Amino acid sequence: MRSLLFIPGDSEKKLEKGLTSGADVLLIDLEDSVSAERKETARKIAANFLTANHERPSPRLFVRINDLASGLADDDLTAVMPALPHGILLPKSNSGKDVTRLAAKLNVHEARAGVAEGATQIIAIITETAIGTLSASSYPDASTRLIGLSWGAEDLSAVIGARAARDEAGRYTDVFRLARAVTILGASAAEVAAIDTVYINYRDDEGLARECADAERDGFTGKLAIHPAQVPIINQAFTPSPEAVDHARKIVAAFTAEPSAGVIGIDGQMFDRPHLRRAERLIARAGSAS
């Protein structure tokens with residue numbers, strides 16, 4: 001999962017266009033991009049789109065439902081789950097308990113649809129509330145359905161009363177750097193993908209590329225997108241280069257040849273077991289991107 005593209009659930013035209021965007025995942029949105037008056041229409045359009053495209057090999061189709069405290073999530077699930085989405089994006093998750101609650105709801109819907117329990121995966125956005133940001137460590141063992149954690153700055157800024165999430169130079173301020181950091185740590189603790197948040201200036205390709213490079217350096221393996229034009233830049237940033245893959249394979253091969261070694265020298269450099277784990281992860285990412 002390198003690129004995850006939001007598409008308003010009430011726009012048939014944009015949903016169809018999303019299929020050719022190159023995104024790894026389409027996030028069919030029933031939450032922020034859909035007005036209250038259009039919620040029911042969006043549910044119907046989303047369900048029809050899922051039914052028509054569920055068998056496509058790519059992109060994978062996830063639905064962002066409304067948050068569990070909104071009073072709308074159950075209606076969202078009732079509408080879309082018979083159409084068998086590949087996954088659900090849970091916004092405003094306050095802790096791993098919210099993922100567990102959602103997983104229980106999915107159990108019921110999967111049983112009604114006659115599909116195997118656990119078929120529907122979950123990605124959670126965990127920093128859109130203050131308590132959610134402080135609960136990033138609660139996701140290990142929340143559910144085997146959980147495959148990724150992401151973060152959001154805009155909702156959090158509204159909740160805490162911040163005038164902006166970035167300073168005059170375009171850098172995130174301390175609170176939002178914390179939210180970003182705990183997402184990486186929470187995802188690592190839960191052994192799921194860390195997915196970077198959106199870059200809202202969709203016409204600033206250079207800024208997006210810089211932010212993607214920083215995210216990949218720090219441990220994120222993918223990024224949310226709000227416009228199809230962002231997808232190629234994100235995909236390129238989160239696809240390991242051939243040189244990086246070759247180097248990782250050298251490390252793996254060296255440790256395979258000497259399984260009892262704790263440290264191995266390659267091309268004049270020393271590598272230990274943490275380097276091996278990093279190399280294995282990079283090779284896995286390269287395989288999923290191919």
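Computed from a prediction, not measured in an experiment: that's the story for all the values here. The first residue in the sequence is number 1, and the count goes up from there.
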Original post:
Between D10 and R43, is the closest basic N to carboxylate O distance under 4.0 Å?
Top reply: no
**OP:** Given salt bridge (Lys or Arg N to Asp or Glu O under 4.0 Å), test D76 with R64 step by step and report yes or no.
**Re:** CA-CA 9 Å; D76 292 342; R64 176 163 72 168; over 6 Å; no
**OP:** List the atom of A23, the atom of S3, and the distance in Å for their closest heavy-atom pair.
**Re:** CA-OG, 3.3 Å
Subject >> Sidechain-backbone polar pair: S188 side chain, L185 backbone, donor-acceptor under 3.5 Å >> reply: no
**OP:** Determine whether the side chains of R2 and T221 contain a donor N or O and an acceptor N or O closer than 3.5 Å.
**Re:** no
**OP:** Please determine if E31 and K92 form a salt bridge, counting it only when a charged side-chain N lies under 4.0 Å from a carboxylate O.
**Re:** yes
**OP:** Verify side chain to side chain contact (heavy atoms under 4.5 Å, CB included) between L4 and K223, making sure each step is shown before the conclusion.
**Re:** CA-CA 6 Å; L4 300 89; K223 189 170 181 63; over 6 Å; no
Subject >> F238 versus C212, closest heavy-atom pair with distance >> reply: CZ-O, 3.8 Å
Original post:
Where is the tightest heavy-atom contact between L26 and G18, given as atom of each residue plus distance?
Top reply: CD2-O, 3.5 Å
Subject >> Under 3.5 Å side-chain donor-acceptor pair for Y139 and S93 >> reply: yes
Original post:
Between S21 and K17, is there a donor-acceptor pair closer than 3.5 Å when you use the side chain of the first and the backbone of the second?
Top reply: no
Subject >> Distance-only side-chain donor-acceptor flag, T129 / N94, under 3.5 Å >> reply: yes
**OP:** Report yes or no: does H86 contribute a side-chain atom to a donor-acceptor pair with the main-chain N or O of R60 at less than 3.5 Å?
**Re:** no
**OP:** Mark yes or no for whether Q230, through its side chain, and Y199, through its backbone, hold a donor-acceptor pair below 3.5 Å.
**Re:** yes
**OP:** Enter the distance from L224:CG to I125:CD1 here, rounded to the nearest 0.5 Å.
**Re:** 6.0 Å
**OP:** Taking all heavy atoms of A113 and all of L84, pick out the closest pair and write down the distance.
**Re:** CB-CD2, 4.0 Å
Original post:
Are D74 and K105 close enough for a salt bridge, meaning some N to O gap below 4.0 Å?
Top reply: yes
Original post:
Just by modelled atom types, is the S138 backbone N or O under 3.5 Å from a matching donor or acceptor in the S135 side chain?
Top reply: no
**OP:** Give the minimum heavy-atom separation between V63 and P85, together with the two atoms involved.
**Re:** CG2-CB, 4.1 Å
Original post:
Hey, mind stepping through S33 and D29 against side-chain hydrogen bond (donor to acceptor under 3.5 Å, both in side chains) and telling me if it holds?
Top reply: CA-CA 7 Å; S33 66; D29 191 20; 2.7 Å; yes
Original post:
Cationic tip of R177 within the cone over Y172's six-membered ring, i.e. under 6.0 Å and within 45° of the normal?
Top reply: no
**OP:** Test E16 against R56 for salt bridge (Lys or Arg N to Asp or Glu O under 4.0 Å), laying out the working first.
**Re:** CA-CA 13 Å; E16 289 296 328; R56 293 174 63 99; over 6 Å; no
Original post:
Would you say the side-chain atoms of E12 pair up with the backbone N or O of I45, donor to acceptor, closer than 3.5 Å?
Top reply: no
Original post:
Atom CD1 in I233, atom CZ in R210: separation rounded to 0.5 Å?
Top reply: 11.5 Å
Original post:
Under 6.0 Å from the CZ atom of R281, do we count more than 12 heavy atoms belonging to anything else shown?
Top reply: no
**OP:** Drop me the distance from L5's CG to I234's CD1, to the nearest 0.5 angstrom.
**Re:** 8.0 Å
**OP:** Identify whether I184 and I195 are in the same connected component of the hydrophobic contact network (ILVMFWY, side-chain heavy atoms under 4.5 Å).
**Re:** no
Subject >> Basic-acidic side-chain contact under 4.0 Å: R277, E280 >> reply: no
**OP:** Would you check if the distance from the ring center of F271 to the ring center of H247 is below 6.0 Å?
**Re:** yes
**OP:** Kindly indicate, with the supporting measurements, whether the criterion side chain to side chain contact (heavy atoms under 4.5 Å, CB included) is fulfilled by L276 and V252.
**Re:** CA-CA 6 Å; L276 172 61; V252 172; 4.0 Å; yes
**OP:** Please answer: with hydrophobic residues joined when any side-chain heavy atoms are less than 4.5 Å apart, are I122 and L27 in the same cluster?
**Re:** no
**OP:** Could you tell me whether a side-chain N or O of R101 sits under 3.5 Å from a main-chain N or O of G96, the two making a donor and an acceptor?
**Re:** no
Subject >> Heavy-atom closest contact (V34 atom, G9 atom, distance) >> reply: CG2-N, 4.0 Å
Original post:
Considering the options I123, I28, L50, which one meets the side-chain contact (heavy atoms from CB on, under 4.5 Å) requirement together with F62?
Top reply: I123
Original post:
Do side-chain atoms of T197 reach the backbone of W151 as a donor and acceptor pair under 3.5 angstrom?
Top reply: yes
Original post:
Within the distance-only criterion (no hydrogens, no angle test), does the side chain of N66 pair as donor or acceptor with the backbone N or O of L30 below 3.5 angstrom?
Top reply: yes
Original post:
Any donor-acceptor pair under 3.5 Å linking the side chain of E110 with the backbone of T120?
Top reply: yes
Original post:
Can you tell me how far CG of L102 sits from CG of L68, rounded to the nearest 0.5 angstrom?
Top reply: 6.0 Å
